[in-house]
Amino acid sequence: MLPIDAAAHSSHWRRRHPVDKAVLGLGLTVLAISLPPWPGAALVLLTSVTVLLGPAGVPARRLWRAYRVPLGFCATGALTLLVQVGGPDGLVAPADGGWVRAGELLLRTSAASLGVLLFAFTTPMSDLLPRLVRAGVPAPVVDVALVTYRMSFLLLDSVRRVREAQAARLGHTGRAAEWRSLAGLGATAFVRAFSRAARLQDGLAGRGYDGTLRVLVPEARVSVRFTAASVALLVAVAALTLVLERPLS
């Protein structure tokens, strides 16, 4: 199980309905995109971190391990705004106001990423995917997503076991050995993926698969109080942004 999935299953909000958490997490993402980068995105970032580490109960180290990947993409995208290609200053030159635009983009995208992580760290996929059918998503699409989600963990487990076996046989002692081990790992993972898919198909056929995967979904109801508190928090962040954005008279 991936660390973010393990955190979602052990979250304080594990038993809450996904709609409750979607209103808060995705609402913060929308605010980060729509509000001005300063101070709107900064307030969204601060609010997201506070909720994640506080009420949601996400460990700080686990949050950072998941957040640093999208943060790297955000920083890479922001760096492109620092330069301009072509023009009177040469083929590549510093862009006018590049630092300001890069900082605004980094602040906005990093805050939006935290809003998405808030939803991901509190909502297991096994709780979300089966409920998408009730939301109007075609059942075959949900079934494919469920099977892919399950197979991804099996494939990662197979890769881990193969790498451990290769390391025990001194398969990573040099560059040549690393390349041979990598080639063997790819071939083994490819064969095992097809083998597991065939076994899964045989198992479903033996259990009378009729085109729909039926899974047990934990009982949960949308909390009016939690949703109202989330909406109030979103409104407070938007209102505080408008107040701080106005120049002091």
Side-chain angles (χ1 to χ4, degrees), residues 4 7-8 11-82 96-124 127-128 131-132 135-136 220-249:
I4 193 169
S11 171
H12 295 170
W13 293 348
R14 166 70 170 80
R15 300 299 177 184
R16 291 195 175 277
H17 198 281
V19 171
D20 296 342
K21 296 168 283 190
V23 171
L24 179 58
L26 302 184
L28 288 171
T29 302
V30 172
L31 288 183
I33 297 173
S34 57
L35 292 178
W38 181 266
L43 290 175
V44 171
L45 191 149
L46 180 61
T47 303
S48 301
V49 172
T50 302
V51 174
L52 279 164
L53 300 180
V58 178
R61 180 176 298 180
R62 188 169 290 179
L63 174 61
W64 168 245
R65 290 184 62 184
Y67 182 50
R68 63 186 180 184
V69 176
L71 184 61
F73 283 100
C74 296
T76 303
L79 288 176
T80 60
L81 299 180
L82 298 179
D96 293 335
W99 285 102
V100 176
R101 290 194 297 270
E104 291 178 347
L105 178 63
L106 179 60
L107 193 59
R108 189 187 295 276
T109 53
S110 59
S113 300
L114 275 176
V116 175
L117 285 178
L118 174 59
F119 181 73
F121 264 108
T122 56
T123 309
D127 290 354
L128 175 63
R131 289 186 168 91
L132 293 180
R221 294 183 178 181
V222 178
S223 174
V224 177
R225 180 178 300 179
F226 185 91
T227 304
S230 300
V231 173
L233 178 62
L234 297 175
V235 172
V237 171
L240 185 58
T241 300
L242 297 178
V243 171
L244 296 178
E245 190 182 15
R246 295 177 181 175
L248 297 177
S249 57

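We number each residue from 1, following the sequence as shown. Computed from a predicted structure; not experimentally measured.
Nearest heavy-atom pair across Ala60 and Leu53 is CA-CD2, 3.7 Å. The shortest non-hydrogen separation linking Leu82 to Ala102 is CD2-CB, 3.7 Å. The minimum heavy-atom distance linking Ala41 with Ala111 is given by the pair O-CB, 3.4 Å. Residues Val23 and Leu234 approach most closely at O-CD1, 3.5 Å, considering heavy atoms. The two residues Ser11 and Ala56 come nearest to each other via the heavy atoms OG-O, 3.4 Å. Of all heavy-atom pairs between Gly115 and Leu28, the closest is CA-CB, 4.4 Å.
Asp20 and Ser223 share no side-chain donor-acceptor pair at under 3.5 Å.
Considering only heavy atoms from C-beta on, Leu79 stays 4.5 Å or farther from Leu106 through its side chain. Contact annotation: the side chain of Leu81 approaches that of Leu105 to within less than 4.5 Å [non-hydrogen atoms, C-beta and beyond]. Side-chain atoms of Arg16 and Phe226, non-hydrogen and from C-beta on, do get closer than 4.5 Å to each other. Side-chain contact between His17 and Arg221 is absent, with no heavy atoms from C-beta onward closer than 4.5 Å. Contact of the Leu128 side chain with the Phe119 side chain is registered, since non-hydrogen atoms from C-beta on lie closer than 4.5 Å.
Side-chain atoms of Thr80 come within 3.5 Å of backbone N or O of Gly77 as a donor-acceptor pair. In terms of modelled atom types and a separation under 3.5 Å, the side chain of Arg108 and the main chain of Ile33 share a donor-acceptor contact.
Aromatic ring centroids of Phe121 and Trp13 lie 6.0 Å or more apart.
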Take Trp38 and Val100 through the side-chain contact (heavy atoms from CB on, under 4.5 Å) test and state the conclusion after the steps.
CA-CA 11 Å; Trp38 181 266; Val100 176; over 6 Å; no
Begin from the C-alpha positions of Ser110 and Tyr67 and carry the test side-chain contact (heavy atoms from CB on, under 4.5 Å) through to its verdict.
CA-CA 9 Å; Ser110 59; Tyr67 182 50; 3.0 Å; yes
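Atom CG of Leu118 and atom CG of Leu24 lie 5.0 Å apart (nearest 0.5 Å). Atom CG of residue Leu31 and atom OG1 of residue Thr241 lie 7.5 Å apart, to the nearest 0.5 angstrom.
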